[in-house]
Amino acid sequence: MSNVVRRAQGAERFAREEIMVFKKSNRRADVLIVGAGPSGLIAAKHLTAEGFSVVCLEQGERVDAGEFWSDRPEFELMIQKRWHPNPNVRDLESDYPIDTRESDVPILMYNAVGGTSIIYGAHWQRFMPSDFRVRSLDGVADDWPISYEDLEPFYDEMEAEVGVSGLGGDTAFPNLKNPPLPAMPINKMGQKAIEGMDKLGWHWWPAPNAIATTKYGNLNPCVLRGTCRNGCPEGAKASFDLTHLPVALQNGLKLVSGARVSQILVNDEGLAEGAIYTDRSGRERRQLAEVVIVCCNAVGTSRLLQNSVSKYFPDGLANSSGLVGRNLMLHPYSTVVGQFDEDLESWMGPAGQTVQSMQFYETDESRGFVRGAKWHVLPGGGPLGAPPKPGAPFDEQWGQAFHANRDAAFGKSFEWGVMAEDLPEESNRVVLDNKQTDSDGIPAAKILYNYSENTKRLSEFHLARAKEAMEAAGATSTIVRPLLTDRSQHNSGASLMATGHLMGTCRMGNDPKRSVVNQYGQAHDVPNLYVFDGSVFVTSSGFNPTGTIAAIALRSVKNLIAERRNNKVAT
Amino acid sequence: MSSSKNEELTAERRETFRKISEVLIPATSTMPSAAEVGAQSTVGHLLDLRPDLKKAFFRGLDACASEDAEAAARRVNDDDPQALAAIGLIASAVLFRPQSHGIDRISGPDSAHL
């Protein structure tokens, strides 16, 4: 057979398959999930296990472990661009532009199957009981409609599903049991940090991570490369493409990657009935469903709902409260780096975290602010460190200074990171960008976000205490890195630590006038539309959010399954 | 000149990069210079990995071509800091390629299994 004939037959077969796919895509699924990050894949796994037909649309693609650079010599060069946590720096087609020129904080996000868990640090945290009651306790923000006790069994279940390593009994929490895997090693730098905390009599505990310390399901044991935030080539970090996707696919999930959703469709009854998306060949497609779950993170979800304007919902879908996009919380981040005379092997993982402290987590009014922060010990990174600083004095950066700087820091430094609780404010928000679109012509997102006075005072206090902790540990020098202030540097790649955990923008609550969804993620305005991601957070806590996003998603999807016969659906 | 010509790694540009990298990252008693570990031969590979740096990198090299390397590097650091930062980043990456000089410890904890 000639190549020409073979190609022609191939093209015909391809066309037939495309038509079949197109027809199938018009079939109504029981559930459509938009976004294949942690919350979307948790929902997909549990819904398919119960026999629901589920389609999941994800704008990114699947990531193969071979795409990561973390086990190659050019790793540090590549994390400053291709594997940078800030989508504006990466500038991949699967990313969409996010205008942060009016935001104090840049955005941390990865668009792929697995979502941001592909590049998260895997700090697997629970919130404190007080985090759900800040209005009652501190007179600020709002209480959640659920309590820690409501969420506790789902925290437990998710730790088992994900494969969390850690040590039970942390005195900062009530009745914390051992997670399924033993804790990560504390290493020399963690021991050094503990020395300081013990001298001061301050709380510390081996930190929990969603990183396998022994073989666990699809996860391999960690080899401590310390490159978690740029992709784990070992398959040791619990990204959700490893922990949840395989079972969901086995159960019959239809995953469509490279599918960029432009709008949620609504029918004449005001119910969600599917979505319009563009595939990677540029074709506009339509996926119908009885129920729609949006899991695109606090930026992507509010962007999609605001883009979903119709005659029934002229201000955006599920937005009768006017709160879609508002109350964005980004976890302002600051650190103290300590440099030591001795070799602490601080290039070693996990990164990930080795030790945490909640010494200053709860409110003490004498400090002049409310709420607090979680601290965590992070490694010092590789020899290249951050990119060169353009315009820094030549003799501080080059020549003999190049070696002196690295001799002082490489392997001999680590940081106490301060994860500040970020209280919600309606003025901090995601809006549609009227100037930029993504590569498919969909209006992009713009962030309007300012630090509050409470955040500034909180950060200042905590940095002073973290410096004390470093000095008590024997640091010969410290570098205090306060809250970012230079917005022009957000997209320069100058910092490898894009912060910007994404929370709020569609918060949960009992009052439809003061919230977007109920405690199970069900939109007040559209009974068959759900939001399961970090958008539903009422407050941010001072903890990395994925553990709580996962617990809430699990609680929400179990409720959806249990109430399947009682809820209205699009038919 | 076309943009591809602008980003061509000519022999002259390789030599300029060698000289500048020697200034930016000289040898010490314990570490080699970037030039000693193959700045000239590795630069093409690294630029292919980071094409976003090419424009500033070549602009900086061209600005340094006809002058004493140290004086040129200092001047470009003042006049075109992005360009010198791009040259410096590639030179740093050359140095920290472990196969360049056999310093295994900087390749990461391959042997540090739990």
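Every chain is numbered from 1 and lettered A, B, ... according to where its sequence line falls, protein lines coming before strand lines.
- In this structure, no portion of A/Glu345 lies under 4.5 Å from any heavy atom of chain B.
- Within a 6.0 Å sphere centred on NZ of B/Lys54, other residues, nucleotides and ligands contribute more than 12 heavy atoms.
- Of the candidates B/Leu89, B/Ile87, B/Leu24, B/Leu89 is the only one forming a side chain to side chain contact (heavy atoms under 4.5 Å, CB included) with A/Pro388.
- Atom NZ of A/Lys389 sits in a sparse spot, with 12 or fewer heavy atoms from other residues, nucleotides or ligands closer than 6.0 Å.
- With chain A as partner, the option from B/Leu84, B/Asp52, B/Val23 having the largest number of non-hydrogen pairs under 4.5 angstrom is B/Asp52.
- Heavy-atom minimum distance, A/Phe402 versus B/Ser92: CE1-OG, 3.4 Å.
- Put simply, CD on B/Glu70 and CZ on A/Phe394 are 6.0 Å apart, with the number rounded to the nearest 0.5 Å.
- To the nearest 0.5 Å, atom CG of residue A/Asp407 and atom CE of residue B/Met31 are 7.5 Å apart.
- Rounded to the nearest 0.5 angstrom, B/Leu95 CG and A/Leu384 CG are separated by 9.0 Å.
- Under a 3.5 Å cut-off, the side chain of A/His403 and the backbone N or O of B/Ala27 do not form any donor-acceptor pair.
- Around the CD atom of A/Gln339, the shell of radius 6.0 Å holds more than 12 heavy atoms that belong to other residues, nucleotides or ligands.
- Note: A/Glu74 CD to B/Thr42 OG1 = 9.5 Å, rounded to the nearest 0.5 Å.
- Within the 4.5 angstrom heavy-atom criterion, only side-chain atoms of A/Arg406, from C-beta onward, approach chain B.
- Here the side chain of B/Arg50 pairs a donor or acceptor atom with the backbone of A/Leu77 at under 3.5 angstrom.
- Closest approach of B/Gly88 to A/Trp398, counting heavy atoms only: CA-CH2, 3.3 Å.
- A donor-acceptor pair under 3.5 Å links the side-chain atoms of B/Asn77 to the main chain of A/Ala392, judged by distance alone.
- Counting heavy-atom neighbours within 6.0 Å of A/Arg487 CZ, excluding the residue itself, gives a total above 12.
- Of all non-hydrogen atoms in B/Pro81 and A/Pro390, the two that sit nearest each other are CB-C, 3.7 Å.
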field: Trace of the side-chain contact (heavy atoms from CB on, under 4.5 Å) decision for A/Trp69 with B/Leu49
entry: CA-CA 11 Å; A/Trp69 283 81; B/Leu49 294 177; 3.3 Å; yes

